[in-house]
Amino acid sequence: MEYNFSEIEKKWQEQWKRSGVYAVSNDSDKPKFYVLDMFPYPSGAGLHVGHPLGYVASDIYARYKRLKGFNVLHPMGYDAFGLPAEQYAIDHGIHPAASTEANINTFRRQMDNIGFSYDWSREVRTCDPHYYKWTQWIFLQLFDSWFNRKTRKAERIGSLVSIFENEGNASYEVPNPKFRVPGKNSSGFSSQDWKGFDEKTRQLILMEYRLAYLAYTDVNWCEALGTVLANDEVINGVSERGGFPVVKKKMRQWSLRITEYAERLLSGLDTIDFSDSLKEIQRNWIGKSLGAEIDFPVKSEKNIVKSMRVFTTRPDTIFGVDFMVVAPEHEMVQDIVAAGSKAAIEEYLLYAQSRSEIERMAEVKRITGCFTGAYAVNPLNGREIPIWISEYVLAGYGTGAIMGVPCGDERDHKFAKHFAIPITNIIGEHYNGEEANPTKDAILQNSDFLNGMLMRDAIDVVIGRVEELGIGKRQINYKMRDAGWSRQRYWGEPFPVIYKDDVPYPIDEKELPLRLPPSDDFKPSGTGEGPLAKVKDWVYINESERRDTNTMPTHAGAAWYFLRYADPHNDNAFADRKALDYWGQVDVYIGGAEHAVAHLLYSRLWTKVLFDLGYLSFEEPFKKLINQGKIGGDSRLVYRIRNTNTFVSAGLKNDYQTDELHVDVTLVNGIELDIEGFRKWRDEYSDAEFIFEDGSTTSESNGKDGRYLCGTRLEKMSKRYFNVVNPDDVVKKYGADTFRMYEMFLGPIEMSKPWDTKGIEGVYRFIRKFWRLFYDEQKGKVWNDAPATNAELKVLNRTIKKVEDDVERFSFNTAVSAFMVCVNELTDLNCHKRAVLEPLLVLLTPFAPHLCEELWQRLGNATTILDQPYPRYDPQYLVESSKDYPVSINGKLRTQINMDLELSQPEVEEIVLSNSIVQKWLEGKPPKKIIYVKNKMVNVVV
RNA sequence: GCCCAGAUGGCGGAAUUGGUAGACGCGUCAGACUCAAAAUCUGGUUUCCGCAAGGAAGUGCAGGUUCGAUUCCUGUUCUGGGCACCA
């Protein structure tokens, strides 16, 4: 009876589909468990073997938890809006809806091949109007909310309106002012003022507070893609997708006020189980810095500006300030420029404007700047210092102005050296005159009342003094910016608003979803408007009302999909509250680290806002996150002698001048090239000649086979390197169960590793060896009902414990190893007993579900194995550790040494001695002192 | 430049709390079966010395703590990832 995986797997996949065994109920007495994969973007290329790595891991864990008696939610869906489908449409004229649908079908077929236990009845697609109805709805909740800094949570905009009506905005400052109230030179207004404002002014003011808001902002404009990109979609000044240049451009864009949540996003990290490196990435992105804002009085010719405010994290260095630098875009620049410096400043401003993002990034170390002719006064010692402008100060961070302390800050130091500004030393010998020293551990000198104080202690002293004098305050800044939320794209969620008199108003909830209008013209307009601008009868509702021509970024649909799975078909709410409360947080979330910043932060933000508004009972979406590593490609290379069609084996390639070419990995067995396959691969190679590793050649070998060896290289799995391994092929050759186990066996789930097809044979052998515990090729059925021996029970129980421990800590590779050890040992013991095999089947089910179902049925069980209780191990079979130390039990040395050691502590059962100690003992030097630890281990002092 | 993670046989990787380093698998070598090959099975496989029993060295490098260190500490090199004028 042979192991016929294709028959078995087909049978059970059909059976599972027919009976719907993986559908899960929202109503159960069992405890819940929520295991989630990051849903895929259904790209045209289909899955390669790297994609299912996380899916296999989550499937094993979900199945394991199910055996453990949990009601497990394990859904899957598609992140189906997005750029590539639209780009594909532009290039090939196929509508994104059609190509997305086709891609989804491919993905689904590939996933079904692998035997996942998803509850497909809960599938979501972000491009489905029934789904994006609620994406739009949540967007409107953000639009209708503001962040109350006093309660530190989102509240309805209505509550802000009543505050304005009663007391103006005196105690609720504008979070990030972009707009000035008419007739006011500060943003403050009274309740009287508010009542006097017209509708449009009121709306503009409220816009300054809304969590989803419109703003004229510098955006990353990518001409080639015809769209705006988020900061995380721009890498080194070019677009992440396509590598096109990106420039700054002012546009009216939707933004999410994520900066208001910076502190909660930061502190929330302490409550969730993400890897340290991932938390670190998020912390860096949020970029919290503690410091102070300090006003410096200004002396300028025009005398318009009374003072300028700087932000510093090092107020302790205030007596080391030698100059001030403001950003070229700083709004006060024109007001302080002296007549004599005007021309030079104008020239510098033009230069700064002309600099593209790429240039600035590429020339980070270049020092530029221009003196304004104005002076600032150090508020603590009255010293006059020059005010410069320079592009190294950013308008968007802090106050857009800094105090220059050359002896303590590297950039300030270079600036001072470059422009020959005299440097004040406040840290004595810690400053060598050559480079700045940013230490906080020096004793201050030349620093007035701070002299003799440790710098890190002086920080608070200066902040205290500044606050006392009313010229500044303690301040926290964040690097993180608000998230740009508009894309000039077709294939995304339309914004559910209508503009009247240029003010956006939410459309009525009853009119949701605002459907994407059909269109066949996806090319960007090039003007900054989205392709939707061309659907004129959709955009212009009437003379005074129009729609937004942008769509939301892909992140929108992905920012809340994990909530939808709780209740995916609900048309009256994004999900029923009872279902949301039942399923709660995602217990385990598995996905790639490439989503560390954007997706995870937006998901956390949306969850927090929905929590604040009372729609959820938890504010962190993901309790635990596992980042699966990438599977790299293991490329194969051949070496063609230049200008010939002769290929030389890898070992001899240095004897010739060769060109290195990638060869399809399917044409290579290990590193040995299939010569005939290669010749057939491409016409140009049909008459290729070869020089083999032993120096013989195709022409002289006369059918005697020399070996042509390929070079190897680890790189990204990609079509252009011909190193893509399709899971379908692997499943076809070895079966889904082998594929699943091998993916896990490759190494730790978090680690990136190359795919090595050769190694799968080992797992395949294991699976067949496991099968042979039940069936013999000649004898047929070999399993029996004899009682198990102690030795067999020991093997079984050790395996139960080991696998359970390993799965709990997501160490699937060692769990697979444990199975291999177990099967090897049972084979050695010639054990085919039901009493051992049955529990083992249950144990193996999460890893190899098809095989285990089949054998379970063949053992005569009428029920499915999927809901069997997970076997419990009996500790009595584990007493003797699997490690055999040169050890003693019950106080007697169990070595061959003829020597007695009566232990004085009778409760000690086991002592552990290192080899060297035993050796010394043998040489007649017994231990002097014995240290008892945990009643078990004994440390010995020789 | 700054931050984070890592470095173990020919290869992927084990070693869970400081306790026999190299589990498990690949590869390879030898053997069995076979006319032969494939498949399968058995045994060996860190390095060096030795016929063997056995001995010595050994977890990137240099130190340290400890009876004992892949594991903890200090310094250093390299690799991978993140951030990059954020004051």
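Per chain, numbering begins at 1; letters A, B, ... match sequence-line order.
- Toward the 5′ end of RNA chain B lies the nearest nucleotide of A/N813, the other residue of the pair A/N813 and A/I281 mapping further downstream.
- Put simply, the side chain of A/I760 reaches to within 4.5 Å of the side chain of A/T738, judged on heavy atoms.
- Nucleotide B/C24 holds its C1' atom 12 Å from the CG atom of A/D806, rounded to whole Å.
- Within a heavy-atom distance below 4.0 Å of RNA chain B, the residues of residues 744-754 of chain A found are A/F745, A/L746, A/P748, A/M751.
- Between the side chains of A/Y348 and A/T368, at least one donor N or O lies within less than 3.5 Å of an accepting N or O.
- The separation of B/G27 from B/U17, taken at their C1' atoms, amounts to 35 Å, rounded to a whole angstrom.
- When both distances must be under 3.5 Å, the Watson-Crick or G-U wobble mate of B/G75 is B/C61.
- Taking 4.0 angstrom as the limit, A/Y397 places a side-chain polar atom (N or O) nearer than this to OP1 or OP2 of B/A87.
- B/U74 sits 25 Å from B/A14 when the P atoms are compared, rounded to a whole Å.
- In this structure, B/G50 forms no base pair with any nucleotide, since neither Watson-Crick nor G-U wobble geometry is met with both distances under 3.5 Å.
- In this structure B/U34 sits in no base pair that meets the Watson-Crick or G-U test at under 3.5 Å.
- Interatomic distance, A/L843 CG to A/L796 CG, rounded to the nearest 0.5 Å: 7.5 Å.
- Taking atom P on both B/U59 and B/A21, the two are 12 Å apart, rounded to the nearest angstrom.
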Exercise for the section: Could you walk me through whether A/Y742 and A/Y734 pass ring pair (Phe, Tyr, Trp, His ring centres under 6.0 Å), step by step? Expected result: CA-CA 10 Å; A/Y742 184 55; A/Y734 297 101; 8.5 Å; no
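- Looking only at atom types and distance, the side chain of A/N477 has no donor-acceptor partner in the side chain of A/S289 under 3.5 Å away.
- Spacing between atom OH of A/Y742 and atom C1' of B/G12 amounts to 7 Å, rounded to whole angstrom units.
- Salt-bridge check for A/K801 with A/D805: passed, with a basic side-chain N closer than 4.0 Å to an acidic carboxylate O.
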Between N or O atoms, less than 3.5 Å apart, protein on one side and nucleotides 31-34 of chain B on the other: list the pairs.
none

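- The partner of B/U20 cannot be assigned: no Watson-Crick or G-U wobble pair with both contacts below 3.5 Å exists in any strand.
- Dashed line: the shortest gap from a side-chain N or O of A/N477 to OP1 or OP2 of B/A87 is not under 4.0 Å.
- You'll find the side chain of A/T399 stays beyond 4.5 Å of the side chain of A/Y397, heavy atoms only.
- Rounded to an integer number of Å, the gap from A/Y478 OH to B/A87 P is 13 Å.
- Going from atom CZ of A/R809 over to atom C1' of B/U16 covers 5 Å, rounded to whole Å.
- Pair assignment for B/U45 gives B/G27, based on Watson-Crick or G-U wobble hydrogen-bonding distances that are each under 3.5 Å.
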What nitrogen or oxygen pairs link the protein and nucleotides 3-9 of chain B at under 3.5 Å?
unit_1, atom_1, unit_2, atom_2, d
B/C3, O2', A/E280, OE2, 3.4

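- The aromatic rings of A/W388 and A/F419 sit tilted, their planes meeting at an angle between 30° and 60°.
- Relative ring orientation between A/F812 and A/F847 is described as perpendicular, the plane-to-plane angle rising above 60° on a 0-90° scale split at 30° and 60°.
- Electrostatic pairing of A/D270 and A/K279 does not count as a salt bridge here, judged by no charged N lying under 4.0 Å from a carboxylate O.
- No side-chain heavy atom of A/E743 sits less than 4.5 Å from a side-chain heavy atom of A/I60.
- Note on A/K630: nothing from the nucleic acid sits closer than 4.0 angstrom, heavy atoms only.
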Exercise for the section: Before giving the answer on side-chain hydrogen bond (donor to acceptor under 3.5 Å, both in side chains), spell out for A/K479 and A/N284 the whole-Å C-alpha distance, their side-chain angles and the decisive distance to 0.1 Å. Expected result: CA-CA 8 Å; A/K479 276 192 241 182; A/N284 283 343; 5.9 Å; no
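- Distance check on atom P: B/A15 versus B/U66 gives 28 Å, rounded to whole Å.
- For A/K802, the salt bridge (Lys or Arg N to Asp or Glu O under 4.0 Å) test picks out A/D806, with sequence neighbours left out.
- B/A56 and B/G1 have their C1' atoms separated by 46 Å, with the value rounded to a whole Å.
- Atom CZ of A/F274 and atom C1' of B/G82 are 17 Å apart (whole Å).
- Note: NE2 (A/H413) to P (B/G1) measures 18 Å, nearest angstrom.
- Pairing for B/C2 goes to B/G82, judged as Watson-Crick or G-U wobble with the two contacts each under 3.5 Å.
- Between B/U46 and B/G58, the two C1' atoms lie 8 Å apart (nearest whole Å).
- Classified by its glycosidic torsion, B/G9 falls in the syn category, the angle being within 90° of 0.
- Look at the C1' atom in both B/C11 and B/C61: the space between them is 23 Å, to the nearest Å.
- Comparing the P positions of B/G10 and B/G60 gives a spacing of 14 Å, expressed to the nearest Å.
- Looking at heavy atoms from C-beta onward, A/F296 lies in side-chain contact with A/V321 at the 4.5 angstrom threshold.
- In this structure, A/M820 places its CE atom 14 Å from P of B/A14, rounding to the nearest Å.
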Practice task
Go through A/D756 and A/K758 one step at a time and tell me if the salt bridge (charged side-chain N to carboxylate O under 4.0 Å, His left out) criterion holds.
Solution key: CA-CA 5 Å; A/D756 171 21; A/K758 202 78 188 151; over 6 Å; no
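- Pair check for B/G9 finds none; no Watson-Crick or G-U wobble contact set falls under 3.5 Å.
- Take A/R768 and apply the salt bridge (Lys or Arg N to Asp or Glu O under 4.0 Å) test, not counting sequence neighbours, and it matches no residue.
- Among the nucleotides B/C83, B/G27, B/A87, the one closest to the side chain of A/S289 is B/A87.
- Residue-to-nucleotide proximity on RNA chain B shows that, of A/N824 and A/S811, the 5′-proximal contact is made by A/S811.
- A/H599 and A/H595 have perpendicular rings, their planes meeting at more than 60° on a 0 to 90° scale where under 30° would count as parallel.
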Got a list of protein N/O to nucleotides 39-46 of chain B N/O distances below 3.5 Å?
unit_1, atom_1, unit_2, atom_2, d
B/U40, OP1, A/R768, NH2, 2.9
B/C41, OP1, A/R772, NH2, 2.9

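- Going from atom CG of A/D756 over to atom P of B/C11 covers 13 Å, rounded to whole Å.
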